[in-house]
Amino acid sequence: MAAFFVSALFFKIVLVVLVFTITLVIAMYSTYGERKIAAVMQDRVGPDRAGPWGILQPLADGGKFFMKEEIIPATSNKFLFILGPSLAMLTALMTSAVIPWGPNITINGTLVPLQVADINVGILYVLGIVSLGVYGVMIGGWASNNKFSLLGAIRASSQMISYELAMGLAIIALLMVTGSLSLNHIVTQQSAWHGMRWNIIFQPLGFFLFIICAFAETNRAPFDLPECETELIGGYHTEYSSMKLGMYLFSEYINMFVSSAIMATLYFGGYNFPYIDKLAEVMNANLVSLIAVGVFFAKIFIFIFIFMWVRWTLPRFRYDQLMRLGWQVLIPLSILNIVLTGGGILFIQNLFK
Amino acid sequence: MQLTNRSKKVDTHALQGMEKTYLPGILKGMAITFKHMFKKVPTIRYPEVKKPFSSVWRGVHILKRDENGAERCTACGLCALACPAEAITMEAAERKPNEVGLYREEKYAAKYEINMLRCIFCGLCEEACPKEAIFLSNSIASANYDRGTFIYGKDKLVEPVTPPSEHVNVFEEGYRKQWMKLKK
Ligand code: SF4
Ligand code: SF4
């Protein structure tokens, strides 16, 4: 029994380290991907000097960030100034704990779930951590003791609060369909119909609302008002330099990765792919699991691509447009979505009575 | 007056119906950016690939040698006088009897400097020269971190004496002679 626990713990630790590393590497290469995608969309070449096709560019950027001079403004609150980016990074990384990366695999007879923590309130955990993320921005902006930073931070927090409401309401409609808060359970549900019972079929409007809110929550264009250069210099990170600035920028990419993962989990069947059950009958279960993980990552990459595609297409919203969209369009729409979903569920229940 | 047929009329109508949701506009924009991903990239990757200069391109100066490989410049100073940017300075010297093969005229430029940071590459020096000694070539003054390196002396300006096999020039014969002399 003790041996079982030790091996389970070992696999857990390996998984944690793996998820951590993969998250960081993907976030790192998202910066490269972003620049490359921006380049091809603008008929340019993009970074291509560091290594073949510029694939060492993220390392060069990182090295440069570390070697830059570290400036902490004299009038700032030093403790909070350092806490800001740390918090942003921490909250960005914490979310990935509840994402189910793939079906269980068996190693030496031990069942290893490819999910760090299967908590039964997974979605609530995600929402909670995401809303903590605004503290990183808010504290950083406030501690800088700079009007532009503070304005950026205030914008960030009001934007987050406005869009979190719509996001929460969109998720409520999803929960009415799934009847469970556990991400693992939600994904297993979607493996029905030969792995094609994806929630997007029942919640197209909900997904649409969710993706808009995800853009706003990650402070990505067209909702990147907190760091709007033309109005606020650098927004909340105006005073930051060196790796502390790097942390802020990096946490944005991690957030993007994690929210892509969550969108894929909630609406696009997680690691399920069409005819996964038929494949499992003819192939080794572990192999199928690995393919499923690959499929999941492919879905994530598609979402990351959409994030970038939108960023390099749309101009930034004006602040009043942002607020109007959040409060007057998205929230009423998500309430309508809840009503429609409830009506649909009642209708189907009565139909099969 | 219409100059081209490409001008577009400014559309200021108020947004209506679906347009108010911005969605048609957003989708249209995204389709445009997506299409651009498959367009040919017009970039020329500079250090590896170089765009050929126009035949009348005015680049870094070159001080020519004559058909015998002797320097053509006689240090008359007309180029310096013509230069609107006052980029050229020189010091004249008298040719020794044993230097006949090196300098074409009795008087030659012992020092000849062009400040590439001042030069505007107008080509007036080339036009002023009575001896056809200075020309603007088709290479460019390369970038550097140090200001001092932009003052090009004779070491950089005078046409190099290259082995005939590498050399493609109307003065080829003169170079071969010079090269043979140097090799001995
Ligand atoms: S190119 Fe014009 S500016 Fe340059 S050295 Fe000759 S005359 Fe002067
Ligand atoms: S380059 Fe021509 S114009 Fe200038 S000093 Fe020499 S001979 Fe005279």
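A note on names: the letters A, B, ... follow the listed sequences, proteins ahead of strands, and every chain is numbered from 1.
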Handout entry: Any donor-acceptor N/O pair, B:Glu99 side chain to B:Lys96 backbone, under 3.5 Å
Key = yes
Problem - Partner chain A: residue of B:Lys39, B:Met37, B:Met30 with the largest heavy-atom pair count (under 4.5 Å) - result: B:Met30
Exercise for the section: Please confirm whether B:Lys156 makes a cation-pi placement over B:Tyr152, using NZ or CZ under 6.0 Å from the six-membered ring centre and within 45° of the ring normal. Expected result: yes
Problem - Residue B:Leu23 versus chain A: region with a heavy atom under 4.5 Å - result: side chain
Problem - A:Ile338 and its side-chain contact (heavy atoms from CB on, under 4.5 Å) partner, picked from A:Leu333, A:Leu175, A:Ile172 - result: A:Ile172
Problem - Heavy-atom pair count under 4.5 Å with chain B, highest-scoring of A:Val329, A:Asp48, A:Val310 - result: A:Asp48
Exercise for the section: Could you label the plane-to-plane angle of the A:Trp309 and B:Phe34 rings as parallel, tilted or perpendicular, counting under 30° as parallel and over 60° as perpendicular? Expected result: tilted
